[in-house]
Amino acid sequence: MLLHSLSPLHSSNVYSPSVFPFSPSPSLSSSSSSSSSSSSSLSLETSSNRICSLRLYSNAHLRITYKSNRLKLNCSLKEPLKVMISGAPASGKGTQCELIVNKFGLVHISTGDLLRAEVSSGTEIGNKAKEFMNAGRLVPDEVVTAMVTARLSCDDAKEKGWLLDGYPRSFNQAQSLQKLKIIPDVYFVLDVPDETLIDRCVGRRLDPVTGKIYHIKSFPPETEEIKARLITRPDDTEEKVKSRLEIYKKNADSISATYSNIMKKIDGNHSKDVVFEVIDSILSQVQKDKETKIKLGKSWSSSNPSSVEDNWRGIPTKLNNVPHSREIRKYFYEDVLQATKRAINDGRTRLKVEINIPELNPEMDVYRIGTLTELVRTIALSFADDGKHVKVCVQGSMGEGALAGMPLQLAGTRKILEFMDWGEYEAMGTFINIGSIGGKEVEEQDDLFILVAPQNAVGNCIIDDLRAMTDAAGNRPVILINPRLNDLPGSSGIMQTMGRDKRLEYASSFENCYFFRLLYYAGTQYPIMGALRFSYPYRYELYKRVEDPYGKEKYVILSTFPGKPSIDEVNDAFEGKPRNESKKAVGFWGFLSGIF
């Protein structure tokens, strides 16, 4: 089966908290577990330091601890942060860990420190680890995972939150933590070019007296006395650094899929303060979101982060029935809005929304400009409610003389936007303004820009005006709603050849924060075979539309992808083929694969 047009699925298998009968008796059997923050937790600590954790439906954390036959009650609305951080040798991970701990008060957990502490304390886990270390062998995953799990179950980590440094390091370790429901709120990856990492390592020097690390170029010692006693660590040679980098990359790639939807890749090739500013912004937003959800009585999902999205209800049905119902339109407006906000909260500034339901597909005769403008209004009003000044931009006439005009699907759009109801608080003219596309449209008070279906026309290209606008906007977000920036033919084919590579490169600099496309048989628009959906920061998810014996339809997930799948990958998923059997598309289908 070959599919022609490309909408996704997030499974709703959220782990619900169990409710147990509570009796405040120290004789209760106990088990230590990493509980989800989706509900309040109740802990009993007996004189033997064994803990019994219960979860209750409430908006506060309730802990009961027995100490000296007295009952201690502690309630808090604060939800601790759970953070993982990864980075290659010399990426600055240690420095950032120190800054994170100082700012957010998290418990710093490093597997190296844990191993040394367990071995020196002579614990059961430490003795097992020591056997392998003495034999010159790697400590098995199960031993390290048990050690990490035990540390995470300690009271300070539960109360203050935790920062897991450099772990997991392999796919198996990541999966072990997933099975134990140990899932972070965010997974940071410090990204630094190899040549910079090598220079940092080779130039490092250790002070054997204080244990302090220096760098001969960027962080020289304070005195000649210190300089004289500095030594080079045995593993800080160029050959060994390159070997360690290869191992790190291999491990990092293997676990990235596990945390793809919560992974934040940070450009670490800057000063420590600049890097931390980005990390600080992300963690502050995560903490704010968690506290807001607790106050609203909403639970955080502890399910697999690669496939579960909070409060997502699944793909609506009867999407070929037009006009769409008000409920269906509102569903997509909200879906797009939430994805867009997540992307902007993560610091993304060049974004695009591609949504291809029938009423928003200009290639179908049921296309409705009103649905497009309602979508734009929903996004603009939401940001205006947050105190942002929003500029809604519609491209004007392009070309001169007989070539003057604009794409048919945009005709009258600006007038519709100007006469729309923008709410009882008179947002239009204060927090929301209407403009065109171009550098001159960017004003100092504007916080973000929403561009309504910017597109090239025959003989004319919007790219230059668009580039001038993004240059003027700087780091302020620019959101393209259903852009169509592919080259169109002009007289003598000039538009297709001159500067085409640069135009395509610029158009691709906008990343999807939302994507939804219905799938049909090639050359048709009925029946709907499935959908492909992407909502930032989750994975692309492919669905198949099925009907039960009573004629009711639903969408079931077939597969997920880290990036937008090709035609071959979509077809293989529908036909049930393993991905390693994919073949290169040829002929007409090879041409279509370039569309996606």
Side-chain angles (χ1 to χ4, degrees), residues 1-13 187 253 255-265 301 303-316 319 331-332 334-343 346 348 350-357 360-361 479-483 507-520 528-546 554-582 585 589 592-596:
M1 176 177 66
L2 293 172
L3 297 172
H4 160 238
S5 185
L6 290 181
S7 200
L9 189 170
H10 290 286
S11 66
S12 57
N13 53 324
Y187 176 66
D253 290 342
I255 65 174
S256 60
T258 304
Y259 302 112
S260 60
N261 81 305
I262 55 171
M263 182 171 67
K264 311 298 180 189
K265 186 171 286 189
S301 167
S303 303
N304 187 338
S306 65
S307 61
V308 176
E309 187 177 336
D310 287 346
N311 303 321
W312 192 69
R313 297 171 294 158
I315 296 176
L319 290 178
Y331 161 86
F332 281 107
E334 183 66 20
D335 207 26
V336 171
L337 173 62
Q338 295 306 318
T340 304
K341 283 198 163 187
R342 286 193 295 266
D346 276 356
R348 302 297 197 262
R350 299 294 176 261
L351 300 170
K352 62 181 176 180
V353 171
E354 295 180 284
I355 176 170
N356 198 263
I357 59 176
L360 289 175
N361 185 353
I479 309 162
L480 312 185
I481 308 294
N482 276 1
S508 65
S509 68
F510 289 83
E511 61 177 314
N512 276 109
C513 62
Y514 187 84
F515 181 93
F516 186 96
R517 179 170 291 174
L518 293 173
L519 304 175
Y520 304 91
I528 298 173
M529 301 306 300
L532 182 70
R533 174 179 175 268
F534 167 75
S535 179
Y536 181 92
Y538 305 97
R539 294 165 66 90
Y540 280 84
E541 294 180 334
L542 178 64
Y543 296 86
K544 181 178 182 180
R545 176 183 170 273
V546 297
K554 63 179 180 180
Y555 289 82
V556 297
I557 192 166
L558 289 180
S559 186
T560 65
F561 305 87
K564 189 183 296 185
S566 67
I567 287 290
D568 280 333
E569 290 174 315
V570 170
N571 284 325
D572 286 346
F574 268 81
E575 295 174 4
K577 293 181 180 178
R579 292 192 188 178
N580 58 7
E581 291 185 12
S582 296
W589 298 108
L592 276 181
S593 67
I595 297 176
F596 306 113

TODO: I would like to know whether Y187 and I255 meet side-chain contact (heavy atoms from CB on, under 4.5 Å); could you show each step before the answer?
DONE: CA-CA 11 Å; Y187 176 66; I255 65 174; 3.1 Å; yes
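- A distance of 11.5 Å separates CD in E575 from CG in L558, rounded to the nearest 0.5 Å.
- Counting only heavy atoms from C-beta outward, the side chains of I355 and F332 approach each other to under 4.5 Å.
- Judged by distance alone, with hydrogens and angles left aside, the side-chain atoms of N361 form no donor-acceptor pair with the main-chain N or O of I357 at under 3.5 Å.
- None of L319, V546, L542 except one satisfies the side-chain contact (heavy atoms from CB on, under 4.5 Å) rule with Y555; the exception is L319.
- Using a 4.5 Å heavy-atom cutoff, the side chains of F534 and R539 are not in contact.
- Going from atom CG of L480 over to atom CG of N512 covers 10.0 Å, rounded to the nearest 0.5 Å.
- For N482 and E354, the side-chain atoms include no donor-acceptor pair closer than 3.5 Å.
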TODO: In sequence, state the C-alpha distance, the side-chain angles, and the governing distance for V353 and T340, and then conclude on side-chain contact (heavy atoms from CB on, under 4.5 Å).
DONE: CA-CA 8 Å; V353 171; T340 304; 4.0 Å; yes
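- In this structure the side chain of L519 reaches within 4.5 angstrom of the side chain of F574, judged on heavy atoms.
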Task: Stepwise ring pair (Phe, Tyr, Trp, His ring centres under 6.0 Å) check, F561 with Y540 - done: CA-CA 5 Å; F561 305 87; Y540 280 84; 8.1 Å; no
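- Side-chain contact annotation: D335 with Y514, donor-acceptor N/O pair under 3.5 Å present.
- Formation of a donor-acceptor pair under 3.5 Å by the R342 side chain with backbone atoms of Y536 is found in this model.
- Partners of R348 by salt bridge (charged side-chain N to carboxylate O under 4.0 Å, His left out), not counting sequence neighbours, listed by chain and number: E511.
- In terms of the salt bridge (charged side-chain N to carboxylate O under 4.0 Å, His left out) criterion, K554 has no residue partners (sequence neighbours excluded).
- Nearest heavy atom pair, residue S535 against residue A339, reads OG-CB, 3.3 Å.
- Residues K352 and I479 form no side-chain contact, since every pair of their non-hydrogen atoms from C-beta on lies 4.5 Å or further apart.
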